[in-house]
There are 2 protein chains.
Amino acid sequence: MRAQPGRSVTSKVLALLDAFSAASPALTLSELARRAGLPLPTAYRRVAELVAWGALERGDDGRYRIGLRLWEVGSLAPRGLGLRELALPVLEDLYEVTHENVQLAVRQGLELVFIERIAGRHAVPVLTRVGGRFALHATGVGLVLLAHAPPEVQEQVLAAPLERYTELTVTDPRRLRHCLADVRRVGYAVSDRQVTMDALSVAAPIRGPEGVVAAISLVVAHDRANPVALAPLVQAAGRVLSRALGGS
Amino acid sequence: MRAQPGRSVTSKVLALLDAFSAASPALTLSELARRAGLPLPTAYRRVAELVAWGALERGDDGRYRIGLRLWEVGSLAPRGLGLRELALPVLEDLYEVTHENVQLAVRQGLELVFIERIAGRHAVPVLTRVGGRFALHATGVGLVLLAHAPPEVQEQVLAAPLERYTELTVTDPRRLRHCLADVRRVGYAVSDRQVTMDALSVAAPIRGPEGVVAAISLVVAHDRANPVALAPLVQAAGRVLSRALGGS
DNA sequence: GGACCACCTTTCACTGAATGAAAGCCCCGG
DNA sequence: CCGGGGCTTTCATTCAGTGAAAGGTGGTCC
């Protein structure tokens, strides 16, 4: 056959972009084709067009990478660099005061995406990456975003198995439900060694006109931390940003 | 007719993404179709697929915006957030020392793209935007990037009319050629009121294994500035980053 | 040197995914 | 109630896209 019941061209293009990840930012054509589930000649043609436009770039090593043009377009995402640009001064203030890691994240489906991070040089190292994803049920920002997510999102997260990262990760849906209620009640979230045994994070919501749109957090070494003392700082930063976004 | 000699589907998808810009980050379907030069039903179908994947998002107002997913993918561009993450601590150091605007840019074709900016709160306001483009012949970073660009790029820029931004913008190709030679000789570039009459910028190259890959600059009020005093600071930052990238 | 291998690029005959005109919705304002 | 602007679906048609296969290209090993 010559043109089997295949997928749409658009889905193939998007599958090619999907093939890239933080772990593998540079791929050969064959790897790309395999990851996207496309025959080699098909991948070849689509990739050639993407390179011509600038969505992909071909390095001197012959491997393909995400192109600057795609970064440019992506930077127009209101919830990406847009939010980032607005929040950066506030994050910097918070960093100046605490000299700890500051993080900004939004919810995307059943996960969170880190929009910005200021990595304190003397602070506890964090594993996350700007542009990276993470589960909603363990981190401080995740708990805030989940606690204020639409009910159907909460139910979906609670229904699925909750991955365990440390012995303190809350994996029981009933306990998590109580935690989320606490987060809503006190107005901030504390994740104490629920992601790694080194670190603790304190997070507060950022509200837009339609509700919570993002969360901000401090990540500190768990033995140096006093969550109750940090919470007001994080909450204050959250409120400044909420006001800037027209939230409550 | 039903399927005229049209363009490739891929080019249509990319045209839709291209329709967005910093000036118009939210578009209705009709606007999108018009900007991309597509019939409405065609735009409708492609956009629906892009939304399903997350490349676009549809707001409560019915307008389409660039989606977070595209931002995520774009953040994998080695010359985008990749370079940014590496450079940020150095830019912050430079900001700490000077409390002036710090900018990081790379060349993309015959223009430059701003990768990062630390906007000093008490510094002269700059018009540029992270993710934004600008001509190569006027700014400090532009002069550095142009001076170290391949000869064919330089010739193309010099052959085209050079836009004038202020009365001090160099628009004569012969003079610009001399400026570029100076930049290469002294190892930094000064753009004195060539973009706006308020500001002056001092820029230095960042070298990777294959030559200059980016440029870093300070933008200061022209009446407060002493370019010769600032140059060593900017150059030092450039050298730190060059070393980190395996450049000279 | 030449046989092999891995990867990339082009060709070719074929066909179903994509097409745009047209008609149907839906909501708002007069 | 009608008109208009924007969005969505239908439908007959066809060309852009297809994948198998063959043709480079460059490197490694014997």
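Quick note on labels: first sequence line is chain A, next is B, and so on, each numbered from 1.
- Side-chain proximity of Leu40(B) to dT9(C), dA16(D), dT8(D): nearest is dT8(D).
- A cation-pi arrangement is present between Arg69(B) and Trp53(B), with the terminal nitrogen or guanidinium carbon under 6.0 Å from the aromatic centre and inside a 45° cone about the axis.
- No donor-acceptor contact under 3.5 angstrom links the side chains of Arg177(A) and Gln154(A), judged on distance only.
- dC7(D) atom C1' lies 13 Å from atom CZ of Arg45(B), rounded to whole Å.
- For the pair Arg58(A) and Val9(A), nearest-nucleotide mapping onto DNA chain C gives the more 5' position to Arg58(A).
- Note: CD (Glu49(B)) to P (dA17(C)) measures 12 Å, nearest angstrom.
- Between the side chains of Ser8(B) and Glu49(A), a donor-acceptor pair is found at a separation under 3.5 Å.
- Between the P atom of dG26(D) and the CG atom of Asp61(A) lies a distance of 16 Å, rounded to the nearest Å.
- For the OP1/OP2 pair of dG5(D) and a distance below 4.0 Å, the side-chain nitrogens and oxygens of Ser30(B) include no atom meeting the criterion.
- Ser242(B) places a side-chain N or O within 3.5 Å of a backbone atom of Gly238(B) that can act as its donor or acceptor partner.
- Screening Val13(A), Leu50(A), Leu70(A) for a side chain to side chain contact (heavy atoms under 4.5 Å, CB included) with Leu14(B), the sole residue that qualifies is Leu50(A).
- Residue Lys12(B) places at least one side-chain N or O closer than 4.0 Å to OP1 or OP2 of dT19(C).
- When the P atom of dC8(C) is taken as reference, atom CG of Leu38(A) falls 14 Å away, rounded to whole Å.
- Side chains of Ser24(B) and Arg35(B): a donor-acceptor N/O pair is present below 3.5 angstrom, by distance only.
- Within the 4.0 Å cut-off from OP1 or OP2 of dA18(C), not a single side-chain nitrogen or oxygen of Thr42(B) is found.
- Among the atoms of the strands shown, only primed sugar atoms or phosphate atoms (P, OP1, OP2) are found under 4.0 Å from some heavy atom of Pro39(A).
- At dT19(C), one or more side-chain N or O atoms of Arg46(B) fall inside 4.0 Å of OP1 or OP2 (strictly under the cut-off).
- Distance, Leu27(B) CG to dG5(D) P: 19 Å, rounded to whole Å.
- Checking side-chain atoms of His137(A) against main-chain N and O of Val157(A) turns up no donor-acceptor pair under 3.5 Å.
- The side chain of Leu29(B) lies closest to dT8(D) when the candidates are dC8(C), dT8(D), dA18(C).
- Side-chain proximity of Tyr64(A) to dA22(C), dT9(C), dT19(C): nearest is dT9(C).
- Between the OH atom of Tyr44(B) and the P atom of dC26(C) there is a distance of 13 Å, given to the nearest Å.
- Helix bend of the helix from dG1(C)-dC30(D) to dG30(C)-dC1(D): the angle between its two end axes, each built from five pairs, comes to 30° after rounding to 10°.
- Taking atom CZ of Arg34(A) as the reference point, atom P of dA6(C) lies 14 Å away to the nearest angstrom.
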